[in-house]
2 protein chains.
Amino acid sequence: MSTSTLDATFAALADPTRRAILARLRSGEATVTELAAPFDMTQPAITKHLKVLERAGLISRGRDGQRRPCRLEAAALKEATDWLEDYRGFWEHRYRNLDALLDELKEKDAPHE
Amino acid sequence: MSTSTLDATFAALADPTRRAILARLRSGEATVTELAAPFDMTQPAITKHLKVLERAGLISRGRDGQRRPCRLEAAALKEATDWLEDYRGFWEHRYRNLDALLDELKEKDAPHE
DNA sequence: CATTAATATAACCGATTGGTAAGATAAGTG
DNA sequence: CACTTATCTTACCAATCGGTTATATTAATG
């Protein structure tokens, strides 16, 4: 899991337009014009976003005549998820740690020396 | 899960220095100077990174005399993970879909009309 | 009190980002 | 062939980013 891949992936995910594009692509391939339609933005702007997503490996593009359909790619998404899930132990242990702390405080409340 | 929170979180995660800081904080609180030590970077640069992490809700800061210890915060991390995990179904189904496609192709190979 | 240590702030810089408008390219269609 | 459709490319712009140096603030310490 290379550092620069994660850089590109998280950076790509940091933009709401791009996240919306990814969400749309979950229900299947789409062309540039289809992807651009919901946004109040020119087509070149969408093309730029698609390039960012492609460089991050989050999508790939085919060729169908004059259309360049985009599809979601699983690998980069999985890589980012894996990185984040490595922190899951932290936030799950957190509540256990809080319990332990409360116990500790209770013990201090009961003076015994 | 607000859009602008995800914006800030993913943007914060897009920088390798900041990811390294988070990784370091998994093993407990640390001061600014402690966090800055491993990096070939001035202290103000680290302070800036910490501000980005804090604005994203990924860390919080305490006060211990002249030190401002940083600790990891679970909530924002969890939010980002949740967003990404929503895509897990996609990449898990992907292989099942591939299987289905291969079956389909096999059937086409065996002419039956 | 003078000094040192920990952190923050301000001003600045070059590179990148997210958008635009205008025009090029390339593929279907009458 | 002329026209339209889908997409890309090229400048251009303002804003943000990631870093710097220099300076201020605040707290500990001799």
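Chain letters run A, B, ... following the sequence lines, proteins first, then strands; residues in each count from 1. No hydrogens, no waters, no symmetry mates; every other heavy atom, side chains included, goes into these values. The structure displayed is predicted, hence computed values, not measured ones.
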Query raised in the report: Judged by atom type as modelled, is there a donor-acceptor pair below 3.5 Å linking the side chain of A:Arg68 to the main-chain atoms of A:Arg63?
Result: no
Query raised in the report: Does A:Leu72 offer a backbone N or O that forms a donor-acceptor pair with the side chain of A:Arg26 under 3.5 Å?
Result: no
Query - B:Ile21 CD1 - D:dG18 C1' separation (whole Å) - result: 12 Å
Query raised in the report: Between atom CG in B:Asp15 and atom P in D:dT16, what is the gap in whole Å?
Result: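 So the two atoms are 18 Å apart, to the nearest Å.
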Query raised in the report: Closest nucleotide of DNA chain C for A:Gln43 versus for A:Thr17: which of these residues is on the 5' side?
Result: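 Going by which nucleotide is closer to the 5' end, it is A:Thr17.
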Report task. Could you walk me through whether A:Glu79 and A:Thr9 pass the side-chain contact (heavy atoms from CB on, under 4.5 Å) test, one step at a time? Result -> CA-CA 9 Å; A:Glu79 209 171 302; A:Thr9 304; 5.7 Å; no
Report task. Provide the closest heavy-atom pair for B:Ala76 versus B:Ala56 in the form atom of the first, atom of the second, distance. Result ->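 So the two residues come closest at CB-O, 3.4 Å.
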Report task. Kindly give the heavy-atom pair with the smallest separation between A:Thr17 and A:Met41, and that separation in Å. Result -> OG1-CE, 3.6 Å
**Report entry** Within residues 48-70 of chain A, residues whose heavy atoms come under 4.0 Å of DNA chain C
**Finding:**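 A:Lys48, A:His49, A:Gly65, A:Gln66 - these, ordered by number, are the residues of the stretch whose heavy atoms sit under 4.0 Å from the strand.
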Just jot down the side-chain contact (heavy atoms from CB on, under 4.5 Å) partners of [X], sequence neighbours excluded, or say none.
| X | result |
| --- | --- |
| B:Asp64 | B:Arg67, B:Pro69 |
| A:Glu54 | A:Ile59, A:Arg61 |
| B:Ala20 | B:Phe39 |

Query - Short side-chain N/O contact to D:dC8 OP1/OP2 from A:Thr47, under 4.0 Å - result: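 Answer yes for this pair, as a side-chain N or O of A:Thr47 is under 4.0 Å from OP1 or OP2.
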Report task. Indicate the ring-plane relationship of A:Trp83 and A:Phe10, choosing parallel, tilted or perpendicular according to the 30° and 60° boundaries. Result -> perpendicular
Query raised in the report: Using a heavy-atom distance cut-off of less than 4.0 Å, which residues of residues 25-39 of chain B contact DNA chain D?
Result: none
Requested in this report: Could you give me the CA-CA distance, side-chain angles and deciding distance for A:Leu53 and A:Glu73, then say whether side-chain contact (heavy atoms from CB on, under 4.5 Å) is met?
Outcome: CA-CA 10 Å; A:Leu53 290 168; A:Glu73 282 299 325; over 6 Å; no
Report task. Under 4.0 Å from any heavy atom of chain A: name the first and the last nucleotide of DNA chain C that qualifies, 5' to 3'. Result -> C:dG18 to C:dG28
